[in-house]
Protein chains: 2
Amino acid sequence: MAGDEGVEMAPDRRAATIKDVAAAAGVGVATVSRVLSGTGSVSPATRERVQAAARELDYRPSALGRGLKLRRTGSLGLVLPDVTDPFCAEFTAGVLDCARTLGEHVIVDVSHDDPAREAEIVERFAGQRVDGIIAVPSGDAAGWRAASAVGLPVVFAGRVLDDLPAVPAVLCDDRAGVRAAVDYLVGLGHRRPAFLGGPAPGTAVEVRERAFRDTVAELGAVLDEDLVVRARSGRDSAYAAAAGLFQRRPDVTAVLAAGHVPGEAAVLVAREFDLRVPADVSIVMVDDVPWAELCDPPLTVVSRPARELGYRACEVLRRRPATVGRTPPVVLPAELVVRGSCSPPTGMPGAPPRSSRAR
Amino acid sequence: MAGDEGVEMAPDRRAATIKDVAAAAGVGVATVSRVLSGTGSVSPATRERVQAAARELDYRPSALGRGLKLRRTGSLGLVLPDVTDPFCAEFTAGVLDCARTLGEHVIVDVSHDDPAREAEIVERFAGQRVDGIIAVPSGDAAGWRAASAVGLPVVFAGRVLDDLPAVPAVLCDDRAGVRAAVDYLVGLGHRRPAFLGGPAPGTAVEVRERAFRDTVAELGAVLDEDLVVRARSGRDSAYAAAAGLFQRRPDVTAVLAAGHVPGEAAVLVAREFDLRVPADVSIVMVDDVPWAELCDPPLTVVSRPARELGYRACEVLRRRPATVGRTPPVVLPAELVVRGSCSPPTGMPGAPPRSSRAR
DNA sequence: GGTAGGTTTGGAAACGATTCCAATCGCGAT
DNA sequence: ATCGCGATTGGAATCGTTTCCAAACCTACC
């Protein structure tokens with residue numbers, strides 16, 4: 001047995017409690033608590049003895065006992081449509097960053113955009129007595145009633161639920177982002193831009209579609225209903241929608257993809273149809289993802305500050321107790337990142353030959 | 001105030017406790033507990049009354065009280081180098097999937113590959129009394145001592161720590177994956193394959209480098225020390241390493257990138273140097289990521305079953321209590337996914353013209 | 001009608017922390 | 001010598017569960 005010491009050293013012995021430390025130091029539990037939490041006054045000699053005992057016993061206060069008494073757990077819940085989605089992952093990183101500075105843990109769970117599942121998660125979080133919930137919501141308002149029962153602070157991110165206007169939110173100015181993209185496309189000379197909607201964790205798709213329609217109208221370009229298509233959810237659906245669009249209307253010169261899933265579909269389908277980007281068709285995608293820069297040509301995108309969104313959501317959650325009544329949502333800007341996937345339509349002056357590309 | 005009901009409905013009223021339910025139903029707390037947990041025998045009439053009272057009061061058992069008594073929290077900790085990394089994200093999804101079936105929550109935190117930070121996280125998890133920890137470890141063994149103090153089950157994934165051989169692990173057969181890739185490259189006729197090492201969450205980089213060296217030697221190809229380069233960490237370092245390689249040795253015909261970060265660097269640098277893939281240089285990358293398929297040409301990769309790795313890690317954690325002594329690691333296969341980024345070197349028979357590509 | 005045996009039931013003791021409150025201890029001032 | 005006051009200290013209550021254990025109750029059988 002000697003020499004076989006690893007992480008499994010002592011799987012049986014129970015962890016030391018505050019009582020053990022008190023006994024070892026020859027003081028009362030109250031004193032130990034005072035020393036370890038730094039509150040109240042303790043004589044230097046006693047403090048030293050307690051600290052030594054705690055170190056000796058490898059004492060680690062139980063968050064359970066502490067949480068029970070203090071009525072707060074020091075943990076918060078994060079509800080996401082999908083951890084695997086780059087936007088959500090980046091968002092999570094932001095939440096984690098901020099939570100760390102606050103000394104909170106983060107319990108993560110995924111809803112897969114299913115309201116029932118989201119409700120179940122909220123229910124579980126409530127049972128766990130998390131100090132608050134941050135969510136990229138998918139669901140109907142009903143699922144969030146559970147949060148109110150325990151008076152749980154909630155912050156929504158990316159999207160809001162229309163039936164719950166009172167919930168504080170951290171949003172991205174998607175409207176402005178889409179507007180900039182359409183503006184750019186129309187400015188290049190595309191009179192009939194197409195819109196490829198689809199699953200987009202982190203925003204209501206309708207917002208983008210509406211922004212698209214409004215901007216196209218405003219700029220005096222033509223809004224061709226045949227050119228705005230929507231995919232349900234999933235890669236395949238987006239691919240099918242894109243394929244349908246390109247097949248039905250071989251004359252499209254520019255498409256705005258409402259998320260990275262439809263964006264990916266657009267790139268793939270364009271290649272499938274042997275359309276050159278941007279010579280034959282220009283593509284702009286909402287959401288910056290690592291591969292956008294690796295594409296050939298690199299994709300022009302509308303970038304959302306996902307990480308910052310997460311950080312801010314967490315900050316709002318902390319400050320929430322102070323604010324009464326409804327807080328105006330925090331809105332962060334989206335940015336148009338011009339790379340190489342757009343050019344004037346064929347036949348227009350300035351259309352570049354195939355080889356030219358940004359970067 | 002009327003009509004202003006949202007999630008913030010009752011921020012003040014304290015959540016109902018088991019005592020409230022007992023009082024409302026006119027029974028003792030023990031009976032309520034029995035009804036709600038389904039254990040013991042209760043008369044149908046009583047059961048009904050208790051359930052009604054619980055529903056009425058919107059009672060939700062506190063995980064704190066329950067955890068304290070039961071000495072288990074129903075939550076497990078997940079330590080990752082980086083949530084943002086596609087491998088880690090996919091791995092997390094697998095853990096979440098499995099945890100859900102087990103009814104456990106997952107507390108996530110990121111180490112950024114910093115042993116000190118990792119140790120701190122483990123320390124915090126131990127304080128939280130998680131039921132177990134799953135980790136893609138970065139650190140030295142010292143950080144994991146804390147886990148032993150509370151007899152915390154730990155499962156390592158992707159990598160193992162040499163000093164802690166007793167910790168159960170779920171691994172991917174990286175060696176075989178790299179071997180397959182080198183085999184493929186050499187089979188195509190590349191006599192001097194290059195190796196581009198770099199940060200690769202989820203594996204020890206040395207494993208891949210060693211596997212590369214061994215395989216090259218075995219196959220009778222030539223191992224040119226000048227062609228194996230390593231990057232520290234971060235995109236920039238990988239980019240610099242790749243640029244250095246291509247600049248120093250314009251004669252490279254094939255490179256194996258040891259992860260998606262060096263892989264990205266290789267693609268970018270190749271484009272920068274106006275090298276055509278695969279005509280001028282063939283590229284294989286370890287780790288499949290969404291953009292690999294979107295590249296032009298689509299990248300040939302060694303794919304690791306990240307999601308399954310996560311699922312299995314979680315399973316192993318649950319089963320751990322049963323097993324005594326050291327468990328042999330679970331090893332999952334890596335798979336070579338041939339796409340369009342490799343071809344015989346120029347001048348070899350069968351080298352395809354520029355336009356040909358897979359899919 | 002009494003009792004054995006089973007089913008329901010509720011009180012109370014943990015679980016591990018924090019914190020109020022009263023008690024003890026010095027010690028200088030009256 | 002006694003009082004008062006501030007600094008230390010520890011006991012005990014509390015947080016919300018689960019579960020042991022004993023009491024109460026019911027039924028059926030002798």
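Note on naming: letters A, B, ... go to the chains in the order of the sequence lines (proteins, then strands), and numbering restarts at 1 for each one.
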Short side-chain N/O contact to C:dT8 OP1/OP2 from B:Ser41, under 4.0 Å: yes
B:Arg34 (side chain) and C:dG10 (base): donor-acceptor pair under 3.5 Å: yes
Ionic contact status for A:Asp109 with B:Arg100, cut-off 4.0 Å: no
Contacts of type side-chain contact (heavy atoms from CB on, under 4.5 Å), residue B:Arg72, not counting sequence neighbours: B:Leu70, B:Glu104, B:Asp131
DNA chain C: 5'-proximal contact among A:Val29 and B:Val29 (nearest heavy atom): B:Val29
Under-4.0 Å side-chain N/O to phosphate OP1/OP2 contact, A:Thr46 with D:dT8: no
Of the listed nucleotides C:dA12, C:dT9, C:dA14, the one nearest the side chain of B:Lys69: C:dA14
Under-4.0 Å side-chain N/O to phosphate OP1/OP2 contact, B:Thr31 with C:dT9: no
Length of the line joining A:Leu68:CG and C:dT19:P, which is rounded to integer Å: 13 Å
Rounded interatomic separation in angstrom, taking CZ from B:Arg47 and C1' from C:dT9: 13 Å
Side-chain N or O of B:Arg71 closer than 4.0 Å to phosphate OP1/OP2 of D:dT17: no
For atom CD of B:Glu48 and atom P of C:dT8, their distance in whole Å: 16 Å
Interatomic distance, B:Arg72 CZ vs D:dT17 C1' [rounded to whole Å]: 14 Å
Distance in angstrom units between A:Lys19 NZ and C:dT18 C1', rounded: 14 Å
Below 4.0 Å: OP1/OP2 of C:dG16 and any side-chain N or O of A:Thr17: no
Salt bridge present between A:Asp113 and A:Arg159 (N-O < 4.0 angstrom): yes
Touch class at under 4.0 angstrom, heavy-atom based, for B:Gly28 against every strand present: sugar-phosphate
Salt-bridge contact B:Arg312-B:Glu315 (side-chain N to carboxylate O under 4.0 Å): yes
B:Ala30, nearest nucleotide to its side chain (from D:dC15, D:dC20, C:dT9): D:dC20
OP1 or OP2 of D:dG16 under 4.0 Å from side-chain N/O of B:Ser62: no
Atom pair distance, as rounded to whole Å: OH in B:Tyr59 and P in D:dG16: 10 Å
Rounded distance in Å - CZ (A:Arg49) to C1' (D:dT9): 11 Å
Value rounded to 0.5 Å, distance of CH2 in A:Trp144 from CD in A:Glu118: 5.0 Å
Short side-chain N/O contact from B:Ser43 to OP1 or OP2 of C:dT9, under 4.0 Å: yes
Euclidean distance, A:Leu76 CG relative to A:Gln128 CD, rounded to 0.5 Å: 12.5 Å
d(CG, B:Leu36; P, D:dT18) in whole Å: 8 Å
Nucleotide nearest A:Ile18 (side chain, heavy atoms from C-beta), chosen from C:dT19, C:dA17, D:dT17: C:dA17
A:Arg66 side chain near C:dG16 phosphate (N/O to OP1/OP2, under 4.0 Å): no
